[in-house]
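Contents: one structure, followed by commentary.
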Amino acid sequence: MKEPSGVIQLWFERKQSFTKEIIPYIRYMMMSGLPVFLSLFGILFVYRYVNLLKDVPPQFPIAWIGAIVLTPLLCYSPLRTFLREADVIYLMPMEHKLSGYLKQSMIRSLRNSTLLLLAVLLVFWPLYRQGEGYIGIWFAVILLVLKAFNAYSGWQERRLIWNNHRFIFRIIRWLLMFGIVLAWLKQDSFSFALTIVYSICAVALLYTCYRMMRKSSFPWGRLIDEEKFTIRRLYSFFNWFSDVQAVPPIVKKRYYLAWLIRLVPYRKASTFVYLHLITFVRTEIGGICIRLVILGGLVNYMVADSLGLQGWGAVLSLLFFSMLVTIQSGTLRSAHRHAIWKDIFPLSVTLQQKQLVHVECLINYILIFILWLPTFPMWGGHAYQLIVMLAIVLVFPLIRAMQLQSALRKAEELD
């Protein structure tokens, strides 16, 4: 087999370098309790799913569920190029030779995202066979064709000059793909010929629009920003399990949480309350906590509704997600560890530490309380389990606060 050379060799070298870089963090993640919990969650999902397949209700919305689950996997086409900021200087002069480099990234992206789509489709297939629009293996073939078109569309959208055009095209593409998938899943409601015509027209419309829009030949800035965003997200995840290399934080406005910042009094005594609260709201620390609360709330509801382990399964699930969100919120402590300016303020270190502990404790109370609310299906008739869960809600944030105080005190003594 001929060895890749030039820019293709560069792509393989960067991919191998990135793989070696993240392997230690994957090892730390595997040693945590996350894989075990995900295995337990998978077992619970399989149990509930098999019971559903045995007795599917007549009005069960198979088509809508399939469209909601499959459309994101169909449309989402991430692209890892392993590009760096310095490439604008060193690789841009040979941009016309980078087609092989980009081809490797596209093949990798299409392969991985297609395998994920097929895995989810395989899980959905037994339910799909009981639906009204079952057309056999042809549905999988249609999805594969649409997946290839979405990979092409994702690249064309990256090349668009204006960000607002890219956003509009992405929304339109997702809506059209949702309609196509839903139409193929509801063959009793739509005629076969009409579904084919709609699918072809939707694809042709998008293709024509992409051809008409102004595009750059190689969107350097967008590809580099996408690569940096992916790395930040990845290291933010690994930061749950181990200290990772410092990467610039992702800052977002999050208007739906910004009102919390305005509640902080404008006075000297609230300086670091404001700092840590706005850090939580606008950085990935808060974003990960929000996603954990959504996932944990869903899992807690499913476990509580099934009364797994006679209700104690919901207690264990609440405890596990409480640990996860408090570990993530605990990274507030190190969010500004390399900043010099915070030591210039005429505020005592004791006051800084006290305000950090108060903010983190308040955040943990709110997050754990929200995690507890979806367990309402088992509140009646399970008094002991309910008492333990309330103890977790009330006591766990205090335990984490005391641990944080102890850690800050030890760090101060070492300094």
Side-chain angles (χ1 to χ4, degrees), residues 28-29 31-38 40-41 44 236-237 239-243 257 260 272-273 276-277 279-281 283-335 353-380 382-411:
Y28 287 126
M29 185 268 292
M31 290 188 297
S32 70
L34 182 61
V36 176
F37 177 79
L38 292 178
L40 294 175
F41 176 72
L44 175 64
S236 296
F237 171 73
N239 196 44
W240 296 0
F241 315 102
S242 174
D243 291 333
L257 292 178
L260 292 172
F272 283 89
V273 172
H276 293 297
L277 186 59
T279 300
F280 177 83
V281 169
T283 65
E284 194 62 11
I285 297 174
I288 293 175
C289 285
I290 293 170
R291 290 189 288 273
L292 279 175
V293 167
I294 294 173
L295 175 63
L298 178 63
V299 174
N300 289 344
Y301 173 79
M302 293 175 60
V303 177
D305 186 56
S306 65
L307 293 178
L309 300 177
Q310 297 181 346
W312 290 107
V315 176
L316 294 175
S317 178
L318 176 63
L319 179 62
F320 177 80
F321 278 100
S322 298
M323 293 173 61
L324 283 184
V325 296
T326 54
I327 290 173
Q328 179 58 32
S329 64
T331 57
L332 276 174
R333 172 193 171 190
S334 57
Q353 295 177 351
K354 181 180 179 181
Q355 292 182 359
L356 171 60
V357 172
H358 286 173
V359 170
E360 186 176 325
C361 187
L362 177 61
I363 290 172
N364 288 337
Y365 266 119
I366 295 173
L367 296 177
I368 296 177
F369 178 76
I370 297 175
L371 283 172
W372 170 71
L373 289 177
T375 63
F376 68 88
M378 56 162 292
W379 288 357
H382 296 83
Y384 293 118
Q385 293 88 334
L386 181 59
I387 291 173
V388 174
M389 287 193 292
L390 289 175
I392 293 174
V393 174
L394 297 174
V395 177
F396 201 75
L398 294 177
I399 295 175
R400 297 294 297 181
M402 289 187 290
Q403 291 175 341
L404 176 59
Q405 278 183 324
S406 176
L408 292 173
R409 196 178 301 114
K410 291 179 180 178

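Bear in mind that the values here come from a model prediction, so they are computed numbers and not experimental data. By convention here, the first residue in the shown sequence is residue 1. Only this structure's heavy atoms are used, side chains among them; waters, hydrogens and symmetry mates stay out.
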State, yes or no, whether a side-chain contact exists between L295 and F321 at a heavy-atom distance under 4.5 Å. yes
Any heavy-atom pair between the side chains of E360 and N364 that's under 4.5 Å? yes
Could you pull out the closest heavy-atom pair between S322 and F396, with the gap in Å? O-CE2, 3.7 Å
Taking all non-hydrogen atoms of both residues, which atom of V293 and which atom of V325 are closest, and how far apart? CG2-CG1, 4.2 Å
List the steps, then state whether side chain to side chain contact (heavy atoms under 4.5 Å, CB included) holds for R400 with I327. CA-CA 9 Å; R400 297 294 297 181; I327 290 173; 4.1 Å; yes
How about L298 and P374: do any of their side-chain heavy atoms sit closer than 4.5 Å? no
Assess whether side chain to side chain contact (heavy atoms under 4.5 Å, CB included) is satisfied between V299 and F320, documenting all intermediate values. CA-CA 11 Å; V299 174; F320 177 80; over 6 Å; no
So the side chain to side chain donor-acceptor pair (under 3.5 Å) pairs with at least one residue in residues 294-304 (sequence neighbours excluded) are N300-S317
Let me check something: any side-chain donor-acceptor pairs from residues 385-395 under 3.5 Å, sequence neighbours excluded? List them with distances.
from: Q385; atom 1: NE2; to: Q310; atom 2: O; distance (Å): 2.7

Using a 4.5 Å cut-off on heavy atoms from C-beta on, say whether the side chain of F369 contacts that of L373. yes
State the SG-CD1 distance between C289 and I363, to the nearest 0.5 angstrom. 7.5 Å
L367 side chain reached by L371 side chain, heavy atoms, under 4.5 Å: no
For T375, what residues pass the side-chain hydrogen bond (donor to acceptor under 3.5 Å, both in side chains) criterion, not counting sequence neighbours? W379
Test side chain to side chain contact (heavy atoms under 4.5 Å, CB included) on I370 and I366 and set out the steps. CA-CA 6 Å; I370 297 175; I366 295 173; 3.9 Å; yes
